[in-house]
Amino acid sequence: MWFKNAIVYSLDVETFADGNGDGIGDFQGLLERLDYLEGLGITCLWLQPFFPSPNRDDGYDVMDYYGVDPRLGTLGEFAELSHQLGQRGIRLMIDLVANHTSDQHPWFQEGSRNPQSRYRDYYIWSERKPKDAEEGMAFPGVQESTWTWNEAAGAFYFHRFYKHQPDLNIGNPEVRTEILRIMGYWAALGVSGFRIDAAPFLVEFSGAKDAHREPDYEFFRQMHRYLSWRRGDGVLLGEANVPLDQLDRYFGDGDRLHLLFNFLVNQPLFLALARQEAAPLVHCLKRLGRIPQMCQWAHFLRGHDELDLGQLTEADRQEVFAAFGPDPDMQLYGRGIRRRLAPMFGGDLRRVEMAHSLIFSLPGTQVIRYGDEIGMGDDLSLEERNSVRTPMQWTPGPTGGFSSAAPSELIRPVIQSDRYRPDRVNVCDQLGDPGSLLSRMQRLIALRRSCPEVGFGETVLVATDRPAVFAHMCRWKGHAVLALHNLAERPMTARIEPEILGGRRPVPLAADRTYPAAEQEFELEPFGYRWLRLV
Ligand code: GLC
Ligand code: CA
């Protein structure tokens with residue numbers, strides 16, 4: 001059950017550390033940085049796609065599921081990474097991008113050219129352009145259609161995402177076998193988790209003859225069972241931004257996906273942060289309900305995509321935009337914000353720290369994103385979501401220690417803004433400073449690891465007299481942790497009625513600073529937080 005209490009760190013090999021000086025991050029560079037990850041205290045590393053790819057969607061357009069992109073290194077180096085992580089007790093998770101391939105994948109190349117090929121039916125074709133071709137785009141405003149004409153095939157093919165990403169035909173049993181085989185292969189190389197990219201679309205049927213077929217959620221169970229036989233600790237983490245009433249399709253009875261990213265909490269959480277009021281978060285946690293015992297939430301703040309606010313009402317979304325991404329250029333696809341956390345919070349690192357503490361205290365497992373632990377900025381001059389995918393900043397200097405290549409040779413420019421350039425924001429300076437965000441994040445990770453109540457226990461929302469303060473308890477096997485978070489930029493003193501704590505005494509565990517002892521009246525700094533164990 002390791003996944004119930006994991007701290008997952010997500011990175012893209014391409015932008016983390018360049019080991020051979022060609023300007024592109026690689027496995028060699030990552031291998032040299034494992035001490036850093038171990039020191040941070042993470043328990044699981046999630047690598048974004050590193051497979052051979054034309055790289056038109058940051059690697060989410062796969063050309064070969066069994067290889068390593070030569071720009072990033074070799075399969076041998078991958079196996080070495082897998083081994084080294086194992087030695088350090090860190091699990092390895094990778095992306096499984098199986099909803100679609102790249103149009104450069106040999107399956108698509110062969111299938112489109114040759115109607116007799118077994119690969120023809122790996123994809124979804126239509127001789128005429130379907131009526132709904134201008135609907136259901138994943139990237140509205142950038143993508144024009146979900147059906148595109150293919151000259152070689154003389155037919156249209158379906159693509160939920162960019163047109164260079166033809167969807168695989170999940171209705172074809174051979175495609176399912178391929179997907180399981182890919183999982184088995186990486187499991188044999190030491191991978192214990194897969195992030196299931198675009199999970200809802202993976203199991204949906206498309207195209208004329210299947211248009212009204214219900215998605216096949218049972219495929220998740222097949223994947224689950226297959227992986228369990230290969231690896232006892234194997235887990236599936238679904239990327240599924242779906243409403244509450246659809247969750248059981250993904251979790252099943254605990255026999256489908258083990259984990260789901262919690263988009264349901266993420267969006268109200270940002271509304272709560274924007275309003276500096278706990279209510280939206282409290283409201284959504286109340287509705288969330290229980291999930292099967294063998295399942296878990298994965299809480300996150302920001303990922304490698306836009307901050308998707310698509311499930312909020314129009315008015316609420318505008319409120320978050322106004323607070324954290326007011327310029328149209330900071331917004332994307334009409335639904336999200338393409339900024340990093342620190343700039344969204346106006347560079348206020350207290351707020352970055354408090355937001356992390358908050359997700360660390362929510363029932364589930366935590367996922368953090370490289371660079372957020374040092375408060376990295378974003379580059380809005382880069383296209384779409386690339387704004388938040390700039391090279392990791394290790395040391396001062398123009399390339400931030402990411403690479404020994406010239407700044408102009410880098411895969412993506414290092415942040416150059418006055419506020420966030422490597423001279424201001426880097427690992428090296430922060431490691432030596434106990435007050436830095438990085439040191440505080442290290443302590444928060446250690447704190448979370450010492451509180452299994454959060455991952456295993458039940459959550460009890462705690463009423464206070466301050467609307468800006470979010471307070472809750474996590475209880476498990478007679479143990480309990482109380483956490484208070486001040487979402488406001490002003491100091492607060494929150495009162496908690498002693499009966500709520502069941503006659504137990506709160507003993508300080510951690511906080512943004514040292515506070516005077518308290519049993520009922522809890523002082524909190526602006527964006528302050530406190531964790532207490534009840535004894
Ligand atoms: C997921 C990924 C995103 C990618 C898309 C298509 O949403 O998070 O980065 O573009 O799938 O694979
Ligand atoms: Ca390199």
Side-chain angles (χ1 to χ4, degrees), residues 10-33 46-51 53-63 65 68-74 77 93-103 105 136-143 146 158-168 194-202 204 237-242 260-261 263 266 298 300 302-308 310 332-333 335-336 338 367 369 382-389 391-392 399 401-406 409-412:
S10 111
L11 65 83
D12 188 352
V13 176
E14 188 181 67
T15 51
F16 198 60
D18 173 16
N20 66 357
D22 66 353
I24 305 172
D26 47 42
F27 279 96
Q28 192 190 321
L30 172 55
L31 279 162
E32 285 162 15
R33 300 294 180 182
W46 154 32
L47 297 185
Q48 289 176 241
F50 51 80
F51 317 100
S53 161
N55 233 341
R56 296 175 67 192
D57 182 16
D58 210 21
Y60 283 90
D61 44 338
V62 180
M63 229 164 79
Y65 289 101
V68 166
D69 188 330
R71 301 175 317 131
L72 309 181
T74 64
E77 284 167 329
M93 181 179 281
I94 66 171
D95 255 279
L96 182 66
V97 192
N99 170 70
H100 48 264
T101 68
S102 159
D103 60 0
H105 195 291
M137 267 93 73
F139 303 124
V142 178
Q143 188 185 345
T146 52
F158 178 70
H159 55 92
R160 176 61 70 187
F161 295 91
Y162 298 113
K163 65 176 178 219
H164 56 79
Q165 292 166 314
D167 271 44
L168 283 165
F194 294 90
R195 170 188 177 272
I196 310 301
D197 186 61
F201 303 128
L202 172 66
E204 88 185 339
L237 162 58
E239 184 213 14
N241 185 356
V242 296
L260 283 179
F261 283 106
F263 288 94
N266 180 269
F300 62 99
R302 289 290 288 109
H304 63 289
D305 290 324
E306 79 283 9
L307 170 71
D308 190 336
L332 194 60
Y333 312 135
R335 63 173 180 237
R338 58 184 202 111
V367 185
R369 163 114 167 109
L382 301 175
E383 266 184 5
E384 291 181 65
R385 294 157 291 160
N386 286 349
S387 48
V388 296
R389 300 170 175 176
M392 180 68 175
T399 65
F402 162 70
S403 172
S404 58
E409 303 290 305
L410 305 187
I411 169 87
R412 225 165 263 145

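All ligand and atom numbering here is 1-based and tracks the order in the structure. In what follows, residues are counted from 1 in the order of the sequence shown.
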I would like to know whether R389 and D305 meet salt bridge (charged side-chain N to carboxylate O under 4.0 Å, His left out); could you show each step before the answer? CA-CA 9 Å; R389 300 170 175 176; D305 290 324; 3.1 Å; yes
Should R385 be listed as contacting ligand 1, given a heavy-atom distance under 4.0 Å as the test? yes
Just by distance, no angles: are the side chains of N55 and E14 close enough, under 3.5 Å, to form a donor-acceptor pair? yes
Donor on one side chain, acceptor on other, Y162 and D61, under 3.5 Å: no
CD1 on I94 to CZ on R195, rounded to 0.5 Å: 12.0 Å
Ligand 1 to F139, heavy atom cutoff 4.0 Å, flagged ligand atoms 10 (O)
Looking at atom 10 (O) of ligand 1, what's its closest protein heavy atom, distance included? D57 OD2, 2.7 Å
Ring pair (Phe, Tyr, Trp, His ring centres under 6.0 Å) against Y333, all qualifying residues, sequence neighbours excluded: F139
Parallel, tilted or perpendicular: which one describes the rings of F300 and F261, with boundaries at 30° and 60°? perpendicular
Where's the contact between R56 and ligand 1, heavy-atom distance under 4.0 Å: side chain, backbone, both or neither? neither
Protein-derived N, O or S atoms lying under 3.0 Å from the Ca ion (ligand 2), waters excluded: 5
Q143 side chain to P140 main-chain N or O, any donor-acceptor pair under 3.5 Å? no
Between the side chains of D308 and R335, is the shortest nitrogen-to-carboxylate-oxygen separation below 4.0 Å, so that they form an ion pair? yes
In the protein, what heavy atom is nearest to atom 11 (O) of ligand 1, and what distance, to one decimal place, separates them? D197 OD1, 2.9 Å
For R389, take its heavy atoms, then give the atoms of ligand 1 lying under 4.0 Å from any of them. 9 (O)
What atoms of ligand 1 come closer than 4.0 angstrom to any heavy atom of R195? 2 (C), 8 (O)
Option from D18, T15, T399, I24 for which side chain to side chain contact (heavy atoms under 4.5 Å, CB included) with L410 holds: T399
Indicate yes or no for a side-chain donor-acceptor contact from S387 to the backbone of E384 under 3.5 Å, with no hydrogens or angles considered. yes
the protein heavy atom lying closest to atom 7 (O) of ligand 1 turns out to be E239 OE2, 2.9 Å
Could you find the nearest protein heavy atom to atom 9 (O) of ligand 1 and give me its residue, atom name and distance? D305 OD1, 2.7 Å
Kindly say whether the aromatic ring centers of F161 and Y60 come within a distance under 6.0 Å. no
If we number the atoms of ligand 1 from 1 as shown, the ones under 4.0 Å from a heavy atom of H304 are 2 (C), 3 (C), 8 (O), 9 (O)
Determine, using heavy atoms of R160 and all atoms of ligand 1, whether some pair is separated by less than 4.0 Å. no
Assess H159 for proximity to ligand 1: is some non-hydrogen atom of it under 4.0 Å away? no
Which protein non-hydrogen atom lies closest to atom 5 (C) of ligand 1, naming both residue and atom, and how far is it? F161 CE2, 3.7 Å
Out of all atoms in ligand 1, which are within 4.0 Å of some heavy atom of H100? Include the element for each. 6 (C), 12 (O)
Would you say that R71 contacts I411 through its side chain, given a criterion of any heavy-atom pair below 4.5 Å between the two side chains? yes
Determine, using heavy atoms of E306 and all atoms of ligand 1, whether some pair is separated by less than 4.0 Å. no
Check if Y162 has a non-hydrogen atom at a distance under 4.0 Å from any atom of ligand 1. no
Centroid-to-centroid, F158 to H100, below 6.0 Å? no
Run the salt bridge (charged side-chain N to carboxylate O under 4.0 Å, His left out) test on D58 and R412 for me, step by step, so that the C-alpha distance in whole Å, both residues' side-chain angles and the decisive distance to 0.1 Å come before the verdict. CA-CA 11 Å; D58 210 21; R412 225 165 263 145; 3.2 Å; yes
